[in-house]
Amino acid sequence: MNLLFNDSSITVAIVGCGGFIGCHLLDAILTRTKWRVFGVDLDFYRIQHRLSDERCEFMVADLADKSVVERIAKYPVVVNLAAICTPSRYMAEAPEVIRSNYDHPAALADACAKSGSWLIHFSTSEIYGRTSADSGLLLEDETELTFGPVTASRWSYATAKLLTERYIAGLKNLKWTVVRPFNFVGPYMDFMPGVDGSGIPRVLANFSSALVRGEPLKLVNGGVAKRSFTSVFDAVDFLFALFETGKMGRLSEAALENAPEKSPFSQAFNIGNPDNELTIAELANKMRKIYAEIKGVSVESIPEPQVVSGVEYYGEGYEDSMRRLPSVEKAERLLGFKAKTPIDDVLRESLEWFVKHYGSAS
Ligand code: UGA
């Protein structure tokens, strides 16, 4: 077994441990390593099966509490996954979205700078902003970042996330890595409206809910925007590649001096799968087809998608990124990581899970 993974003296703090990415990361850590976990979140329903694990300690809290922030920063590796990250909330709750995505992570970054912890901060692919249909590959350190006007509150989230990235990058003495997820999908993503959440979840959960309910999928502004969907299990593998390359924050100064270009610290990484790019209309049709196969019915029996306007659907201030195609060259070069799960597999696995989990609750 890998010596690092076998080291039972390591504890990782995971903020947002009960969330979509957090629950899969927790499972992977407990399965693949001997590490301990200090997990913080506001609810733990996705990780009920881990609550009594003797290698874990959980705390119901958020980063608004300064004493919690200081406690988290005592651990040598801190993964911050906590965020308000559903676009339907960016318009209605912009101040809250900004506080949770800037104030709280900035306080955590300050505490980690003081304690010497390695902060792995989850940002977003949305920091690339109002991309157009012909935007090409998005490069971490080169692509221009352009947002809409302040009246378009869609960008409240991306602006706060970008400010946090700049804050982290500017902090002296902070050992940091920023991760920019490109539309992670998989089991436990978001919620089913009216069952375990309200409002509009992100597209995978929203389309899955409509399919289970026999309702038409809604194509915002015609479904011409493109996204590159990434398996959450690939995302977890990325984190393991990062943990290993950074030797859980113990990568020595000497090693860094010898090969500074190989350092995973002071870097932002796109995590995405450019091979899985689809328009949202293509996604809708793929999901209809896979759902029909799962249920053993004809695709013609699944309602046709309907076009809706973004402003009517999400509210005043909604705008969109028209294309998000990640360059993944940096993660490959520095960490030897590349996402590998093809789109059809990701969607089938996600939908099968959704049908099993919510099929009787709809
Ligand atoms: C969101 C978040 O803002 C990002 O922070 C996050 O990183 C990203 O999801 C992600 O999952 O990685 P976005 O991709 O716009 O960004 O989120 P979705 O709500 O999943 O929307 C994707 C596209 O589908 C948009 O064009 C949206 O208008 C469209 N959509 C969504 C529909 O056509 N119908 C729906 O029912 C829902």
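Whatever order the structure lists ligands and atoms in, that order sets their numbers, starting from 1.
Between the side chain of Glu140 and the main chain of Phe269, no donor-acceptor pair closer than 3.5 Å is present. The closest donor-acceptor contact from the side chain of Asn80 to the backbone of Leu119 lies at 3.5 Å or more, if one exists at all. Looking at Thr230, its side chain does come within 3.5 Å of a backbone N or O of Asn273 through a donor-acceptor pair.
The line from OG of Ser100 to CD of Glu93 is 9.5 Å long, rounded to the nearest 0.5 Å. Rounding to the nearest 0.5 Å gives a distance of 4.0 Å between CZ of Arg324 and CZ of Arg227.
Residue Lys218 has at least one heavy-atom neighbour below 4.0 Å for each of these atoms of ligand 1: 32 (C), 33 (O), 34 (N), 35 (C), 36 (O). Taking every non-hydrogen atom of Phe207 and a distance limit under 4.0 Å, the qualifying atoms of ligand 1 come out as 34 (N), 35 (C), 36 (O). Taking every heavy atom of Tyr318 and a limit of under 4.0 angstrom, the matching atoms of ligand 1 come to 25 (C), 27 (C), 28 (O). Close approach to Tyr90 involves these atoms of ligand 1, each under 4.0 Å from a residue heavy atom: 2 (C), 3 (O), 5 (O).
For Lys226, no heavy-atom contact with ligand 1 is shorter than 4.0 Å. Here Pro181 has backbone heavy atoms under 4.0 Å from ligand 1, and that is the only part of it that gets that close. With a heavy-atom cut-off of 4.0 Å, Phe20 does not touch ligand 1 at all.
The pair Asp41-Arg46 fails the salt-bridge criterion, with no side-chain N (NZ, NE, NH1 or NH2) lying under 4.0 Å from an Asp/Glu carboxylate O. Under a 4.0 Å N-O distance rule, the pair Arg130/Glu319 qualifies as a salt bridge.
Among all non-hydrogen protein atoms, the one lying nearest atom 37 (C) of ligand 1 is Tyr314 OH, 3.2 Å. For atom 11 (O) of ligand 1, the nearest non-hydrogen atom of the protein is Arg202 NH1, 3.2 Å. Counting protein heavy atoms only, atom 36 (O) of ligand 1 is closest to Asn206 ND2, 2.7 Å. Among all protein heavy atoms, the one lying closest to atom 33 (O) of ligand 1 is Val220 N, 2.9 Å. Nearest non-hydrogen protein atom to atom 14 (O) of ligand 1 is Arg227 NE, 2.6 Å. Nearest protein heavy-atom contact of atom 16 (O) of ligand 1 is Glu126 OE1, 3.2 Å. Taking atom 25 (C) of ligand 1 as the reference point, the nearest protein heavy-atom neighbour is Asp320 OD2, 3.4 Å. Here the protein heavy atom with the shortest distance to atom 20 (O) of ligand 1 is Val203 N, 2.8 Å.
Using a non-hydrogen distance threshold of 4.0 Å, Arg324 registers as a contact of ligand 1. Within the structure, ligand 1 lacks Gly310 among the residues with a heavy atom less than 4.0 angstrom away. Not a single heavy atom of Arg89 sits less than 4.0 Å from an atom of ligand 1. For Cys85, the closest heavy-atom approach to ligand 1 falls below 4.0 Å.
Between Leu81 and Phe20, the closest side-chain pair of non-hydrogen atoms is not below 4.5 Å. Residues Val79 and Val12 form a side-chain contact, since some pair of their non-hydrogen atoms from C-beta on lies under 4.5 Å apart.
Cation-pi geometry between Arg32 and Phe240 is met: the NZ or CZ atom falls under 6.0 Å from the ring centre, inside 45° of the normal.
Taking the six-membered ring for Trp and thresholds of 30 and 60 degrees, His357 and Trp353 have nearly parallel ring planes, at less than 30 degrees apart.
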